[in-house]
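Note sheet for the following structure.
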Amino acid sequence: MCGITGIVAHSAVNLDLYESLSVLQHRGQDAAGITTCENGRFYMKKGNGLVRDVFYKKHMQRLPGKMGIAHARYPTAGTSSSAEAQPLYVNSPYGIALAHNGNLTNAEHLKEELFQTDLRHLNTDSDTEVLLNIFAHELQLKAKPDFDYEDLFTAVEEIHRRCRGGYAVVAMVVGKGVLAIRDPHGIRPLCFGVRETEQGPDYMIASESVALQAQGFDLIRDVEPGEAIFVSEDGELFNKQCAQDPQLSPCIFEYVYFARPDSIIDGVSVYKSRLRMGQTLVQKILREMPDHDIDVVIPIPDTSRSTALEVAYHLNVKYREGFIKNRYIGRTFIMPGQKERKKSVRQKLNPIELEFAGKTVLLVDDSIVRGTTSKQIVQMAREAGAKKVYMASAAPPVRHPNVYGIDMASHEEFVAHDRTVEEIQEIIGADWLVYQDLDDLIKAVRKGNEAISKFDCSCFDGVYVTQDIDDAYFKHLNNRRNDAAKQKNNKEATQL
């Protein structure tokens, strides 16, 4: 899960790209990069860290041009090496820069194919570089001095034919324009909008609609699954369906956790979907504990606030903010090891003891992944004086890896793997635990757009919409993503 954006405008885009990345910072805190284009040349700045730490005034002054793309990186595998910070670029043909959100499930096969058949060399382990080289190779096959957008769309058709997985892409071709691509299942989000100016329309592409809104762009719509959108350097917009059998299957975890509540993804308000998650969750709470003794509902900030508010309202009990969050600590389930993860939870949250003392507390969280955070939060609530500590998850048990660009670890690292709810309850130390049912979660999200017939719910039900995931892939994924592998890779990167 990363944040991507691209702009073609009638004025300099460097500041708009910077500010849109800041809005999308929640999607990736590992690295950030901006590439602009002017007079047939790329200008690039990227590095490890938060957006505000990578870019200074002097860097912005060195990013001229009226079109550009940008990326906030979140590592799903491999290292945090700055070599994998995006956008990435190639010089042939024409000069192409590309940024990507997602994960290619057949990346290893494609790497071999690129080397053996396409005769292209890769410098990193990033599947973004795989996508970039496939795009460049397919475009080179059609190479001519003055190609047009139809040649770009033909290359995109080949990307969809060769690549599997979830991917949302922004690419920029020197002197031509900016291209947006969404995979045939629409797993990862991507939208585009327009801003009217005296000189004509400016266009912007982004992972979430909130980035458009923040820069004064009006949302046109989401990029359709399999569709390509091209905005020429002159400000003309073209689009084409480039996949043979597209079917919208957005990742439901975007609505549960990743996306900002003020975004609209595939016609669904993230905020409203989380309110509805609370409405369905409270129904299950009342079914399982009709004579509950809950005194107060407390959310685990920030993502679960909307859900917790609805739960408290329908339970007719008090809603209180019981934890104060340090906003300068990253998301804990992507920390590389248990030791780091445990330490960061205590740094991230601090309880307000008055809201816990002598009370039966229902803690509401968006999801429970490894259980490390939940266990410490329950313990913190007890230390603050809670009489009983119940926990409710707005999502079902996470039992399976997410292979489409979210760093959810191997099966064995999930607290729900091969365990009952009662066993999980004991592990995290809660007096009672309740999970949202998957059917209710789907119902809560789909109500925002009944036209969505299918969601990618693979981390909950193990059903992968690309239908290419097997035990061999899980073994490969585990070797790259488990805590031991991450610690080894990060140590090697530090030594470089």
Side-chain angles (χ1 to χ4, degrees), residues 1-8 20 23-24 27 67-71 87 98-104 128 131 135 149-150 152-160 163 165-173 177-195 201-213 215 217-232 235-251 254-255 258-260 263-270 404-405 448-449 451-456 465-466:
M1 185 204 65
C2 301
I4 60 174
T5 182
I7 301 175
V8 178
S20 63
V23 173
L24 296 172
R27 299 190 66 86
M67 67 176 185
I69 62 175
H71 184 268
L98 184 146
H100 156 238
N101 170 34
N103 186 56
L104 300 183
T128 303
L131 262 171
F135 180 46
Y149 63 89
E150 287 292 349
L152 291 174
F153 291 157
T154 299
V156 173
E157 290 172 0
E158 291 303 308
I159 288 176
H160 291 329
C163 297
Y167 49 93
V169 176
V170 286
M172 180 169 56
V173 182
V178 171
L179 178 72
I181 308 168
R182 196 176 183 193
D183 74 79
H185 296 280
I187 298 171
R188 300 266 68 86
L190 196 64
C191 61
F192 66 103
V194 64
R195 179 177 64 190
D202 296 343
Y203 289 100
M204 179 175 175
I205 301 148
S207 294
E208 295 184 33
S209 63
V210 65
L212 304 178
Q213 184 182 20
Q215 304 313 310
F217 287 77
D218 295 321
L219 174 66
I220 296 175
R221 60 177 175 85
D222 295 273
V223 178
E224 296 292 333
E227 185 182 23
I229 304 286
F230 177 68
V231 184
S232 72
E236 291 186 273
L237 187 145
F238 307 90
N239 72 294
K240 184 179 180 181
Q241 177 53 254
C242 297
Q244 290 186 346
D245 187 25
Q247 182 184 21
L248 181 60
S249 306
C251 174
E254 289 278 355
Y255 302 94
F258 278 121
R260 275 181 48 152
S263 284
I264 296 174
I265 297 178
D266 291 311
V268 179
S269 163
V270 176
Y404 301 125
N449 182 1
I452 302 176
S453 60
K454 187 177 183 180
F455 290 92
D456 169 55
V465 296
T466 53

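Expressed to the nearest 0.5 Å, how far CG of Asp202 lies from CD1 of Ile7 amounts to 8.5 Å. Atom CG of residue Leu237 and atom OH of residue Tyr149 lie 11.0 Å apart, to the nearest 0.5 angstrom. How far OG1 of Thr466 is from CD1 of Ile187: 6.0 Å, rounded to the nearest 0.5 Å. Atom CZ of residue Arg27 and atom CG of residue Asn101 lie 5.0 Å apart, to the nearest 0.5 angstrom. In this structure, the separation between CG on Leu248 and CG on Asp456 is 11.0 Å, given to the nearest 0.5 Å. Between atom OG of residue Ser263 and atom CG of residue Leu24 there is a gap of 7.5 Å, rounded to the nearest 0.5 Å.
Under a 3.5 Å cut-off, the side chain of His71 and the backbone N or O of His100 do form a donor-acceptor pair. Side chain of Ser207 to backbone of Ile4: a donor-acceptor contact under 3.5 angstrom is found. Between the side chain of Glu208 and the main chain of Arg260, a donor-acceptor pair closer than 3.5 Å is present. Proximity of a side-chain donor or acceptor of His160 to a complementary backbone N or O of Gly226 within less than 3.5 Å is detected. A donor-acceptor pair under 3.5 Å links the side-chain atoms of Arg188 to the main chain of Tyr404, judged by distance alone. The backbone N or O of Gly166 lies less than 3.5 Å from no partner atom in the side chain of Asp183, so there is not a single donor-acceptor pair. Asn449 contributes a side-chain N or O that, together with a main-chain N or O of Asp266, makes up a donor-acceptor pair within less than 3.5 Å. Side chain of Ser269 to backbone of Ile264: no donor-acceptor contact under 3.5 angstrom is found. In this structure, Glu227 contributes its side chain and Ala243 its backbone to no donor-acceptor pair below 3.5 Å. A donor-acceptor contact shorter than 3.5 Å is absent between the side chain of Tyr203 and the backbone of Val178.
Using the six-membered ring where Trp is involved, Phe230 and Phe153 have ring planes that are perpendicular, over 60° apart on the 30 and 60° scheme.
In terms of heavy-atom proximity, Cys163 sits nearest to Leu104 at CB-CD2, 4.1 Å. When every heavy atom of Pro201 is checked against every heavy atom of Val194, the shortest pair comes out as CB-CG2, 3.6 Å. A pairwise comparison of heavy atoms in Arg195 and Gln215 identifies NH1-O, 2.9 Å as the closest pair. Scanning all heavy atoms of the two residues, the minimum distance from Val465 to Ser249 falls at CG1-CB, 4.1 Å. Considering all non-hydrogen atoms of both residues, Ile265 and Pro189 come closest at CG2-CB, 3.9 Å. Nearest heavy-atom pair, Cys191 versus Ser209, reported as atom, atom and distance to 0.1 Å: SG-N, 3.6 Å.
In this structure the side chain of Glu150 reaches within 4.5 angstrom of the side chain of Lys240, judged on heavy atoms. Two residues are said to be in side-chain contact when any heavy atoms from C-beta on lie closer than 4.5 Å; Leu152 and Phe135 meet this criterion. At a threshold of 4.5 Å between non-hydrogen side-chain atoms, the residues Gln213 and Leu219 do not count as touching. Within the 4.5 Å cutoff, side-chain heavy atoms of Glu157 are placed close to those of Cys242. Thr5 is listed as a side-chain neighbour of Met204, based on a closest heavy-atom distance under 4.5 Å. Residues Pro184 and Gln247 form no side-chain contact, since every pair of their non-hydrogen atoms from C-beta on lies 4.5 Å or further apart. A heavy-atom distance below 4.5 Å is not found between the side chains of Ile181 and Leu131.
Every residue two or more places apart in sequence or in another chain was checked for a ring pair (Phe, Tyr, Trp, His ring centres under 6.0 Å) with Phe455, and none qualifies.
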